[in-house]
Structure formats: structure tokens, C-alpha cells
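These values consider heavy atoms only, across backbone and side chains, with no hydrogens, waters or symmetry-generated copies. The sequence lines fix the lettering, A, B, ..., with proteins before strands; numbering per chain opens at 1.
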Amino acid sequence: MDQSENSDSGFQRFVKDGGFNPAAWSRRMNFAGHSGFIGMRYRDHGDTWIELEFDWREDLVGDPDTGVLASGPIISLLDNATSMSVWTRTREFRPQVTLDLRVDYTRAAIPGKTIVARAECYQLRRSMAFVRGIAHDGDAADPVAHAAGVFMLVEGQEWFK
Amino acid sequence: MSDQTPSSFGLSPYAKAMGMAIAEIDAGSPVIVMDFAPHAMGRPGYLHGGAIGGVLEMAGYAAIAAELERQGLTMRIKPINVSTEYLRSGLPERIHARGEVVRAGRRVANVRVEAWQSDRERPVACCWINFKLSPKEA
């Protein structure tokens with residue numbers, strides 16, 4: 001194991017700090033890594049739901065003829081938003097991994113528009129969290145994608161390493 | 001493509017930005033590869049589930065595109081839905097993915113995709129994708 005991966009004790013301290021603040025988490029976690037590359041930002045949250053968003057960008061496009069976004073960044077946004085909806089509901093961070101995620105692409109996203117994901121943890125069990133969400137490009141009543149997934153809670157040592 | 005040099009020819013701007021490439025053609029289906037990089041990282045030290053999903057979808061698209069090309073068809077290919085199962089944590093190393101066209105009809109194609117890292121017998125994730133096929137306008 002690479003030392004730099006092992007030594008992120010600041011990260012471990014941050015996530016174990018007690019409580020889960022979606023906005024603070026996004027500021028800390030979404031600027032780097034894959035989320036940072038996509039440009040994800042916190043938007044809003046309630047008791048069991050959270051909204052994240054990212055802006056359209058040329059290098060996130062799937063079809064250069066039309067400028068329509070690739071589906072990959074939308075999966076990533078929905079993965080993050082559904083994951084964070086669990087901690088929003090529990091009000092604390094708990095290590096979990098994505099067990100499965102299904103995404104239905106209900107229409108092409110309009111080029112140039114910001115994509116917003118709204119995700120909700122609708123059932124919480126001892127070892128599983130059930131989530132769903134949508135992604136839209138301005139009108140939540142006309143989503144570009146629907147998602148449903150399951151997260152599995154895991155031991156801390158499996159998650160951190 | 002007969003040589004073994006990874007090529008990004010025909011990949012989307014997103015796939016190129018993520019560093020994906022076609023490593024080889026295996027039994028008719030392109031094998032998509034992506035090296036680990038910070039822009040693919042989720043929780044510290046691991047591949048992001050969305051980045052894995054992106055590789056799976058690219059491999060699924062490449063598989064149906066190659067199949068249609070063999071049939072001499074020029075079609076628009078759009079994903080309808082995808083269901084991904086995450087089987088293992090994605091390690092900070094190269095990931096490979098290859099799709100298998102289960103059925104290519106006139107309007108819809110169903111593709112299964114598997115992704116693996118150092119050991120092909122131990123997949124890290126798999127998915128099925130339905131693609132809508134429609135005639136390409138000139």
C-alpha cells in the first residue's frame with residue numbers, strides 16, 4: 001500500500017468527526033478526485049434527500065455531433081448524490097459501498113445546461129440502505145435520468161485501508 | 001484493428017478525458033482500458049463507482065457499435081438504461097472492460113459488460129445495458 005494513500009489521517013478524522021454536514025462534506029470531498037474532475041457541487045438538502053450538481057463541459061460530452069453529455073458523469077453524480085443521501089438521513093457518516101445502481105435515461109440532457117441530481121434514502125436497514133434519485137437539467141418534473149440503488153454498510157477498515 | 005497499441009479512436013470526448021482507450025479486439029468486442037489517475041478516484045485510494053460505470057458503458061457501446069459495423073449497419077446508438085453491480089472495490093490500477101452483445105434487434109440491443117483489473121477471473125463490476133437503435137439521418 002502506497003504511503004500517500006495510507007496516511008490520509010486528515011480525511012479519516014474528517015469523516016469520523018461526528019455528524020454529517022452535506023455542504024461541508026461536499027466542500028471537503030468534491031473538489032478532488034473524480035468528483036472534482038466532474039465539478040460536482042452541493043446544492044441543497046432536507047432530512048432524507050440531497051441535491052448535487054455539475055455544469056456542462058465540452059470534455060464531458062458523449063456525442064461530439066450534438067454536444068449531449070456522456071452518461072458516465074451523470075452516473076457519477078447520481079452515485080455520489082444517492083450515497084450522500086444515506087448519510088444525510090442518518091446524520092452521520094458510515095462507511096458503505098455501492099452494491100448496485102440502475103439508471104434509466106429518460107431523455108438526452110440539453111447541451112450547455114447544468115445537471116442537478118436529487119437523491120433520497122427511502123429505506124434504511126442495519127446493513128443496507130435503499131436509495132433513489134433523479135437527474136434533471138432545470139425542470140425536476142422532466143428528468144433526464146432516474147436512478148435506484150442499494151448501498152451496503154461495511155466495516156471501517158474495509159473502507160479506509 | 002490488429003495491433004495491440006491502445007487507441008482512443010472513436011471514443012467520446014468524456015472517455016478520452018478520462019484516459020480510456022481501446023486495448024484490443026477480443027472475439028469481436030473492443031476491450032476498453034483505463035489507467036488509474038486522480039480524476040478517477042472516489043474514496044481515497046479507490047476507483048470511483050461512476051468512473052467504473054463510465055468504462056462499463058463505453059465498453060458496452062463499443063461492443064454494439066462493432067457488431068452493427070460487422071452487419072454493415074449505420075445506426076444511432078443511445079443508452080436506454082443500465083444496471084450496474086459492483087462486485088469488488090476498484091483498486092488504484094488499470095481497469096479493463098469488455099461487452100458481449102446478447103441480442104441486437106432492429107430497434108433495441110441488449111449488451112452485458114464485465115470489468116476486471118489484474119485478474120480477469122475476478123470481475124470488479126458488471127452491468128447490462130439496453131441501447132435504442134435508430135436509423136442515422138444523413
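In terms of heavy-atom pairs under 4.5 angstrom with chain B, the leader among A:A148, A:G62, A:A108 is A:G62. Here A:V61 is the residue among A:V61, A:D104, A:V68 with the most heavy-atom pairs under 4.5 Å with chain B. Your options are B:L87, B:I129, B:V82, and the one with the most heavy-atom pairs under 4.5 Å with chain A is B:V82. Looking only at heavy-atom pairs under 4.5 Å with chain A, the residue among B:P38, B:G42, B:G54, B:C127 that has the most is B:P38. The residue among B:G53, B:A15, B:A125, B:S83 with the most heavy atom pairs within less than 4.5 Å of chain A is B:S83. The candidate from B:I52, B:N81, B:L11, B:L56 with the greatest count of non-hydrogen atom pairs under 4.5 Å with chain A is B:N81. The candidate from B:A40, B:S12, B:P13 with the greatest count of non-hydrogen atom pairs under 4.5 Å with chain A is B:P13.
Annotation: side chain of B:M18 is in contact with side chain of A:H34 (closest heavy-atom distance under 4.5 Å). Here the side chains of B:H48 and A:S35 are in contact, with some heavy-atom distance below 4.5 Å. Side-chain atoms of A:R102 and B:W128, non-hydrogen and from C-beta on, do get closer than 4.5 Å to each other. Annotation: side chain of B:Y14 is not in contact with side chain of A:L69 (no heavy-atom distance under 4.5 Å). The side-chain heavy atoms of A:I75 and B:E57, taken from C-beta on, include a pair separated by under 4.5 Å.
Listed by chain and number, the residues in a side-chain hydrogen bond (donor to acceptor under 3.5 Å, both in side chains) with B:R120 are B:D26 (sequence neighbours excluded). Taking A:S26 as the reference, A:N30 meet the side-chain hydrogen bond (donor to acceptor under 3.5 Å, both in side chains) condition, with sequence neighbours excluded. Remark: B:E121 engages no residue in a side-chain hydrogen bond (donor to acceptor under 3.5 Å, both in side chains) (not counting sequence neighbours).
For A:E155, the CD atom counts as loosely surrounded, since its 6.0 Å shell holds 12 or fewer non-hydrogen atoms of other residues, nucleotides or ligands. Other residues, nucleotides and ligands place no more than 12 heavy atoms under 6.0 Å from the CZ atom of B:R76.
For A:D79, the part sitting under 4.5 Å from any heavy atom of chain B is the side chain, from C-beta outward, and nothing else. Using a 4.5 Å cut-off between heavy atoms, A:V97 touches chain B through its side chain atoms alone.
Once rounded to the nearest 0.5 Å, the distance linking CG of B:N130 with OH of A:Y105 reads 12.0 Å.
Scanning both residues, A:W159 and B:R43, for their nearest heavy atoms gives O-NE, 2.9 Å. When all heavy atoms of B:A51 and A:S76 are compared, the pair lying nearest together is N-OG, 3.9 Å.
Of the charged side-chain nitrogens involved, none lies within less than 4.0 Å of a carboxylate oxygen, so that A:D65 and B:K136 do not count as a salt-bridged pair.
Both A:V154 and A:M29 belong to a common hydrophobic cluster when Ile, Leu, Val, Met, Phe, Trp and Tyr are linked at side-chain heavy-atom distances under 4.5 angstrom. Both B:V111 and B:L133 belong to a single network of hydrophobic side chains, linked directly or stepwise wherever heavy atoms of I, L, V, M, F, W or Y lie under 4.5 Å apart. No chain of hydrophobic side-chain contacts below 4.5 Å, direct or via other Ile, Leu, Val, Met, Phe, Trp or Tyr residues, connects B:V102 to B:M58. Hydrophobic clustering, with ILVMFWY side chains joined whenever heavy atoms are under 4.5 angstrom apart, keeps B:I80 apart from B:I64. Grouping the Ile, Leu, Val, Met, Phe, Trp and Tyr side chains by contacts below 4.5 angstrom, directly or via other members, places A:F93 apart from A:W49.
Remark: of the listed residues A:V150, A:T98, A:L99, A:T98 is the sole one forming a side chain to side chain contact (heavy atoms under 4.5 Å, CB included) with B:Y86.
The interface of residues 109-140 of chain A with chain B, defined by heavy-atom distances below 4.5 Å, is empty.
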